[in-house]
Amino acid sequence: MKTSCANYISEIGRDRLKDMLYQMLLIRRFEETVERLFMQGKIHGTMHLCIGQEPTAVGACAALTNEDKITSTHRGHGHCIAKGTDVPRMMAELLGKKTGHCKGKGGSMHIADLEKGNLGANGIVAGGLPIACGAALTSLKKQAGFVVVCFFGDGATNEGSFHESLNLASIWNLPVIFFCENNQYGMSGNIKEMTKIEHLSERASSYGIPGEIVDGTDVLQVYEVTAKAVERARNGEGPTLIEAKTYRWKGHSRSDARKYRAREEEQDWMNNKDGIKSFREQLLRDRAVTEQEVIEIEERVKQLLEEATEFAENSPEPSIESLEADVYA
Amino acid sequence: MKTSCANYISEIGRDRLKDMLYQMLLIRRFEETVERLFMQGKIHGTMHLCIGQEPTAVGACAALTNEDKITSTHRGHGHCIAKGTDVPRMMAELLGKKTGHCKGKGGSMHIADLEKGNLGANGIVAGGLPIACGAALTSLKKQAGFVVVCFFGDGATNEGSFHESLNLASIWNLPVIFFCENNQYGMSGNIKEMTKIEHLSERASSYGIPGEIVDGTDVLQVYEVTAKAVERARNGEGPTLIEAKTYRWKGHSRSDARKYRAREEEQDWMNNKDGIKSFREQLLRDRAVTEQEVIEIEERVKQLLEEATEFAENSPEPSIESLEADVYA
Amino acid sequence: MRQITYAEALKEVMSQEIKANENVFILGEDIGIYGGAFGVTNGMESELGRDKVLSTPISEAAISGVAVGAALTGMRPILELQFSDFITIAMDQIVNQAAKLRYMNGGKGSIPMVVRTPGGSGAGFAAQHSQSLEAWMTHIPGLKVVQPSTPYDAKGLFKAALDDDNPVIFYEHKLLYGIRGEVPEETYSIPLGKADIKREGSDVTVVATSIMVHRALQAADQLKKEGISVEVIDPRTLVPLDIDTIVNSVKKTNRAVVVYEAVQRGGYGAEIASLINESEAFDYLDAPVTRLGGKAVPIPYNPNLEKKAVPQVEDIVNAVKSTLVTLAK
Amino acid sequence: MRQITYAEALKEVMSQEIKANENVFILGEDIGIYGGAFGVTNGMESELGRDKVLSTPISEAAISGVAVGAALTGMRPILELQFSDFITIAMDQIVNQAAKLRYMNGGKGSIPMVVRTPGGSGAGFAAQHSQSLEAWMTHIPGLKVVQPSTPYDAKGLFKAALDDDNPVIFYEHKLLYGIRGEVPEETYSIPLGKADIKREGSDVTVVATSIMVHRALQAADQLKKEGISVEVIDPRTLVPLDIDTIVNSVKKTNRAVVVYEAVQRGGYGAEIASLINESEAFDYLDAPVTRLGGKAVPIPYNPNLEKKAVPQVEDIVNAVKSTLVTLAK
Ligand SMILES: Cc1ncc(C[n+]2csc(CCOP(=O)(O)OP(=O)(O)O)c2C)c(N)n1
Ligand SMILES: Cc1ncc(C[n+]2csc(CCOP(=O)(O)OP(=O)(O)O)c2C)c(N)n1
Ligand SMILES: [Mg+2]
Ligand SMILES: [Mg+2]
């Protein structure tokens, strides 16, 4: 059973609930657009779509203020959008344009938006964990009060950086939330074969910190658990490890035949565990939104993505001179 | 209370018990000799003495056959001796001589003796853990039946390699025993400040493997727990993490003023938790050895070390030509 | 003769060797049913079994150390590191352990392992997935470094690398996996340390590595139309380096251009250029040896910028022309 | 002026900067009450507090990433890596993250951090604690690389490094910590990218780095007695490199010897030699530029072998003489 949103209507308000739906839809349609542009040859390189994982990005970031920070992953479009990054400039970045968030130099795996507190996606699995700890240390040192949500996948939990970072965060009581999006697979490795434990959150005990499990398809549950961890962090009680059970509907990247998993499993998640569908139904059932509002939301999303695509496609390429700018050694 | 050795007399025999005493004494006197030679300027570089930790080396290696393997650490003289490495050639190595186990090229931090199953000390904290896993993999692949005991310190448990290795060993069911000599400190860092958990063995749960705690000053307890882990490993039941609580009596290395710990703490360990003293007393009490035999053991140790020192001091330096030998690229 | 791709040549020789020698196996991330990030191991798991094709967790430090430990105890592992950029996580095991153990042991034991890893830019993967870091490896005594440019060379050099009793770092190139060429079905060995003159010429020597061999050959075609005769030498292995073949060529042509994709600053091209200058060819030089390497920038995402970051055919053409107009001393 | 040691100069400038700028702090292993492996931070913890002097667990990957994350969010961290060999464990964060983030972000944000780490042989620490790996860092766009040779330079270059908004790798040398020299009490800055002519001369230019500066000066003393006048240039920073000062000197002397402790093969000396050869100095050369670097061996333990592995005073004397007898073209 999904968390009921009835309580939330009073607690966080209708508008924010609607906004969560809007953001999840925006992420999904963004990814669909990206996939299409990729197929059309307008985006090159690679891409890692987060369709199916919208609730983790949106639920976790809903618990944050603009001053709070995140570190993201190679599968980071959802995190970006949920943290408020400007979508047309994201799209421009994916098209490698000068108007992109990174002037076309970063691309999908390296979108960052420091003003919005997005310290960056990362092409290195588990590369963001130590960086998140460093940002959290800044928060303590400057008594800045911000917390850091550090996203990573299930596969990342077997990297040494995961271990070192959680230990360090624990002894220094860093205001960081380690948010594991357990979508069950690395590139192809089933996490059940890559570790011998039932839940990755159990690893929290190695560091004397709390570990939580949430249904990653339930945006309100994600929000609630993250909000609690954020509170702990802000109160100086240190880090939390959150494991959200989720699924990526698409392949790992463009070139993935998905031979390592069954189509039935995919169908089950897509048909029965679609976090957007269920949230929309809840909102309607609990009268948090009307059918009409849902249609309007869909429309807003569609328009924004049309704008974004147009902006991106019409934006100029970076100048060749820019190649050697922005590097100082 | 120490494990009584009464049972052991029948189980493993008087001779082996005596041999354990002999080996522990040999290690201690070896280290004392090394320290003296160092002060005399006959050994250069650095050295990490394991005085106080003799029972872990001897107890663990007593559970192994000659075919079994170990990986060791920068504090590895005890492991070497316990695994049967020729002592005069060890001493020669510390003096950088041609007759040393590594022809004078390795030194204290790099003694290895492949014939005896000692895959090598390691100057890199936690550097030996992945290597131990690799050796254990060989055992499986060749169905060779040997197990690997991988020694490391408390400080090493915060390295990423620790995490990655334990995870890998667990999912592959590798016949490896991760043996943590928790002597409470890294170079200076108190492990209580460097982790937030009470016992390092708790980390086993992150990998779904058993974790054991033993009194590292009780050689029989170390033997017993290691033997059980060895049996599991040989039976294909995979790795075990053993944490032995122990103490290094000396500083980290030659240049350590030990400002990070109290003299009372040191005195307590030296006076009340000397694993050699207590084992000798037990053996005498349980009539496993006679006073006379103890004196003979002391004498044998003394003689061997005199021989070893003489051998080492009189051995030739490696030739300058040997500088570029033994490297193939 | 039949033509196959560079990737197929690699798969073929690996499969042949795994079948021929029970000590050979391959480990790496996603090399099983997924077939590896670039499809090189496609089908190997189902043909050879999971015993020979080990898919690992995302744990570069541990898996590289597993290769070291397995090699030290009698296996001949092949390690696939998914992108050569990830060697940053495996450096301790490769540099401090694999490269040095045999020397530190005074020559005892051997470490027969091959690390296969794709380098290079041009696929739109941006800064963390496009580096050419082979120069790092050439700087480490004990490591052999191979960079095949053709399917034929890939197969033959791989066999030699695997037969070597020392660690070999085998740099493949993402953009070369798909190129086709004649490759015998049976195994054959191309000795490490033998350069190949890919094209004979008389006016200038171009020493090029990996994908730059192909660009140099294209440049030579263009230059031929302008009456300039270019000799293209592919060292094939950087360590050991066949400097004699290069020096002899330069003595004939009196001019040399060294072309490499890696960042020019501190790259191996500087070593090659220095060796030419230090050799008897110095007196034959009619112009300074020219280096043409990558720009000192992280590889950018935008495809135009990405191209400009590393030498292209026209850059080679221009470099050759510039060296020809330099006045003789 | 007062004389202090290289280590004292570093401690002084760090303490001054920490007091002057609330964003500056230092982190590293055993840098607290222990004072660091080489005593550089001796007394800093008690003077400045644990808030400014953070002793970390043995977790090189995490602590380097903490520096990156802290720098990215407004701090100016100093990271002490205990031995430069351990950079092998920190490479992802230094190379893939610190060096590239700013560029990947399209220029936004900055990473003002200094990694201080001791390199070099001569202390008897053997193969895993004696490497000189600065060449690796010079090859990475985005990293500045500093190698001070005197107490005066150490203090002034450190200040410049810390004031820089980009990551700087600051290579100290174990054998230099104890050397004394005149150092002003107040802080001062020596700009990165300015070589220092440590001794003027007219017959040959010796470019030497780190401890080799001192050996070159001794060699110059000896050679003077034989009537040979040597100019000794200390680049002080490898990136940026003051090639102009070197080229001007070579134009005057017509001969150059580049001396460095790192393994000659693939070392930065090849870069310096290549830059000289590619410059207008080429036409002034009366002999090929000579490189004199370390042998292609891991650093052995035996002190005689250890000395032979890297250039000593007499090797420099011989190299200078050889270059002088080479016939002019
Ligand atoms: C250090 C490193 N190793 C391997 C890779 C290649 N790689 C990219 S994503 C990925 C799978 C990551 O799995 P997970 O952490 O679960 O994230 P997900 O893709 O499922 O979101 C791998 C192996 C990488 N980018 N970095
Ligand atoms: C990767 C690495 N980091 C740091 C060091 C420096 N160092 C050598 S021993 C040591 C302490 C190790 O502590 P522990 O693992 O508890 O072993 P102990 O010395 O107590 O036996 C440190 C920090 C090292 N050798 N390797
Ligand atoms: Mg995953
Ligand atoms: Mg310890």
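So you know, we letter chains A, B, ... as the sequences are listed, proteins then strands, and number each from 1.
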Quiz item: Considering the options B:E32, B:E266, B:E31, B:E35, which one meets the salt bridge (charged side-chain N to carboxylate O under 4.0 Å, His left out) requirement together with B:K250?
Solution: B:E35
Exercise. Measure distances from D:T88 to the heavy atoms of chain B and classify the residue's part below 4.5 Å as side chain, backbone, both or neither.
Key: neither
Exercise. Under 4.5 Å heavy-atom distance to chain D, tell me which part of B:D256 shows up: side chain, backbone, both or neither.
Key: both
Exercise. Over 60° means perpendicular and under 30° means parallel, so classify the ring planes of D:F86 and D:H129, tilted if in between.
Key: perpendicular
Quiz item: For D:K295, is it the side chain, the backbone, both, or neither that has a heavy atom closer than 4.5 Å to a heavy atom of chain B?
Solution: side chain
Exercise. Verify salt bridge (charged side-chain N to carboxylate O under 4.0 Å, His left out) between B:D113 and B:R89, making sure each step is shown before the conclusion.
Key: CA-CA 10 Å; B:D113 184 356; B:R89 293 180 58 210; 5.9 Å; no
Quiz item: Is the D:F125 ring parallel, tilted or perpendicular to the D:F38 ring (thresholds 30°, 60°)?
Solution: tilted
Quiz item: With under 30° as parallel and over 60° as perpendicular, where do the rings of B:Y185 and B:Y260 fit, or are they tilted in between?
Solution: tilted
Quiz item: Does any heavy atom of chain D fall under 4.5 Å from the side chain of B:H110, the backbone, both, or neither of them?
Solution: side chain
Self-check item: Residue B:M187 versus chain D: region with a heavy atom under 4.5 Å
Solution: both
Quiz item: Which atoms of B:T195 come close to chain D, meaning under 4.5 Å heavy atom to heavy atom: side chain ones, backbone ones, both, or neither?
Solution: neither
Quiz item: Which region of D:A61, side chain (C-beta onward) or backbone (N, CA, C, O), has a non-hydrogen atom less than 4.5 Å from a non-hydrogen atom of chain B, or is it both or neither?
Solution: neither
Self-check item: Most contacts with chain D, counted as non-hydrogen pairs under 4.5 angstrom, among B:S188, B:G107, B:G96
Solution: B:S188
Quiz item: Measuring heavy-atom distances to chain B, does D:E306 have an atom under 4.5 Å in its side chain, in its backbone, in both, or in neither?
Solution: side chain
Quiz item: Do NZ/NE/NH1/NH2 and the carboxylate oxygens of D:E261 and D:R215 come within less than 4.0 Å?
Solution: no
